[in-house]
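As structure tokens, the structure follows; a few thoughts come after it.
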Amino acid sequence: MHRKVINDILTVLRRSNSFFLTSHINPDGDSIACETAMALFLERLGKRKYVIANRDGAPEIYKFLPRAEKVRKAAKVTGQFDVALILDASDPDRIGNIIDLKKQAGKVIVIDHHLSAIPFGDLNYLDQESASCAEQIYNLIKTKFAKPTKNEAISIYTGIMTETNKFQEANTNPAALRTAALLIEAGVNPMALCKKIYEQNSLEQIKLLGHALSGVELKLGGKVATLMVTCKMLKETGASLEHCEGTINFARSIKGVRVAVLFREQENGFKISLRSKDDTNVNKIAVKFGGGGHRRAAGFFLPGPLSEVKGRVLSQIKNLLNK
Ligand code: 5GP
Ligand code: MN
């Protein structure tokens, strides 16, 4: 289905010599997986001149991935690149001004799987049906080579596993599972990889989870669960923002809850995460507030004090649930 754009991307990669790779702010497992798999793929193509940088670097937990050591944390990159590869970022704002695409990149290639994805590149490989963006990188690799290397496989499997929340979420589809099977055949040890990512929590992280969960509230007749991570909680526990991942799922798991909302306190407002348990399309709310994401997992930022922010979000959720 995406054969033409995949071939066009491969042609551009073959003809180019310098590459810039980035992903979205607050990168997750899929972001880092895409970058490391793409770096390994570029190396196999004989392309060694690449820079990987994200505004927020890489979460500690993914630093074991081969080539993750190359992921820099940078507010801005300098220099010119033949190609900028924008991975798992649905719109230009999501990369946090790390590069001036017009001035610094000869060609922009966007590869993404979000419902809210905008085709802002010269080449856009967008696939909402793909469970993870890492699988799209795999589709490039398999068009060129018979098999992924073990290291490529480890990255891609990590992308699929984290983006499907251990093959549990609604995006877990036949393609994701077929790809996962092939990756295991290419050398991935699923249990070892799962342990590396999910069984290495720090005490600080678990304490933060406790703080956040003790504040869970039910709203709208029990259909909505809200929880919060404040700067004070981070300070008291010694945890950092990247340790919030997964916290919201506990709120969503409450019986009767259809939508969970996490408010993460920031300097001048709140970063909001939404998760739905049924078919409720929370991306609609995120887009309304200038954010985006997927049908059942989306996010956005809202300035202002908590009471105001909470009121605005809950009123949108109420409208959506009543539709
Ligand atoms: P999370 O709640 O884990 O931060 O994000 C859930 C999903 O929504 C992810 O796919 C993420 O990329 C997307 N997302 C989160 N925040 C934003 C945002 O501010 N803008 C856009 N476009 N997408 C977001
Ligand atoms: Mn992502």
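Residue numbers count from 1 along this sequence. Note that the structure is predicted; figures quoted are calculated from it, not measured. Order of appearance sets the numbers: ligands from 1, and atoms from 1 within every ligand.
Salt-bridge formation is not detected for the pair Lys310/Glu265: no Lys NZ or Arg NE/NH1/NH2 atom is positioned less than 4.0 Å from an Asp or Glu carboxylate oxygen. A salt bridge does not link Glu236 to Lys207: none of the charged nitrogens lies less than 4.0 Å from a carboxylate oxygen. Here Lys63 pairs with Glu60 in a salt bridge; the nearest charged N to carboxylate O distance falls below 4.0 Å. Salt bridge annotation for Glu43-Arg67: present, with a cationic side-chain nitrogen under 4.0 angstrom from a carboxylate oxygen. With respect to the salt-bridge test (charged N to carboxylate O, under 4.0 angstrom), the residues Glu217 and Lys219 qualify.
The only member of Ile317, Ile248, Leu314 that meets side-chain contact (heavy atoms from CB on, under 4.5 Å) when paired with Thr226 is Leu314. Partner of Asp278 under the side chain to side chain donor-acceptor pair (under 3.5 Å) criterion, chosen from Arg258, Arg296, Lys223: Arg258.
Some N or O of Gly292 is nearer than 3.5 Å to an N or O of ligand 1, by distance alone. Taking any N or O of His294, backbone or side chain, at least one lies under 3.5 Å from an N or O belonging to ligand 1. Backbone and side-chain nitrogen or oxygen atoms of Ser116 are examined, and none is located within less than 3.5 angstrom of a nitrogen or oxygen of ligand 1. Checking only distances, Asp28 never comes within under 3.5 Å of ligand 1, N or O to N or O.
Close contacts between ligand 1 and Lys271 involve ligand atoms 15 (C), 16 (N), 17 (C), 18 (C), 19 (O) [criterion: under 4.0 Å to a heavy atom]. In summary, the atoms of ligand 1 found under 4.0 Å from a heavy atom of Arg264, numbered by their order in the structure, are 4 (O). Within ligand 1, the atoms closer than 4.0 Å to a non-hydrogen atom of Ser273 are 1 (P), 2 (O), 4 (O), numbered from 1 in the order shown. Contact atoms of ligand 1 toward Gly293: 8 (O), 13 (C), 23 (N) (distance under 4.0 Å to a heavy atom of the residue).
At the top of the distance list for atom 6 (C) of ligand 1, counting protein heavy atoms only, stands Arg275 NH1, 3.7 Å. The protein heavy atom nearest to atom 15 (C) of ligand 1 is Gly299 CA, 3.4 Å. Here the protein heavy atom with the shortest distance to atom 7 (C) of ligand 1 is Ala297 O, 3.4 Å. Closest to atom 10 (O) of ligand 1 among all protein heavy atoms lies His114 NE2, 2.7 Å. Taking atom 12 (O) of ligand 1 as the reference point, the nearest protein heavy-atom neighbour is Arg94 NH2, 2.9 Å.
Annotation: cation-pi geometry not satisfied between Arg312 and Phe289 (NZ/CZ under 6.0 angstrom from ring centroid, within 45° of ring axis). Cation-pi geometry between Lys166 and Tyr198 is met: the NZ or CZ atom falls under 6.0 Å from the ring centre, inside 45° of the normal.
Within a 6.0 Å sphere centred on NZ of Lys76, other residues, nucleotides and ligands contribute more than 12 heavy atoms.
Proximity of Ser90 to ligand 1, defined as any heavy-atom pair under 4.0 Å, is confined to the side chain (atoms from C-beta onward). Using a 4.0 Å cut-off between heavy atoms, Asp91 contacts ligand 1 through its side chain alone, with no backbone atom that close. Of the heavy atoms in Glu245, none comes closer than 4.0 Å to ligand 1.
Shown are the protein N/O/S atoms under 2.8 Å from the Mn ion (ligand 2), given by residue and atom: His24 NE2, Asp28 OD1, Asp28 OD2, Asp88 OD2.
A tilted orientation is assigned to the rings of His294 and His113, their planes being inclined by 30° to 60°. Taking the six-membered ring for Trp and thresholds of 30 and 60 degrees, Phe270 and Phe263 have ring planes more than 60 degrees apart, a perpendicular arrangement.
Taking the six-membered ring for Trp and the full ring otherwise, the centers of Phe167 and Tyr157 sit less than 6.0 Å from each other. In this structure, Phe20 has its ring center closer than 6.0 angstrom to the ring center of Phe81.
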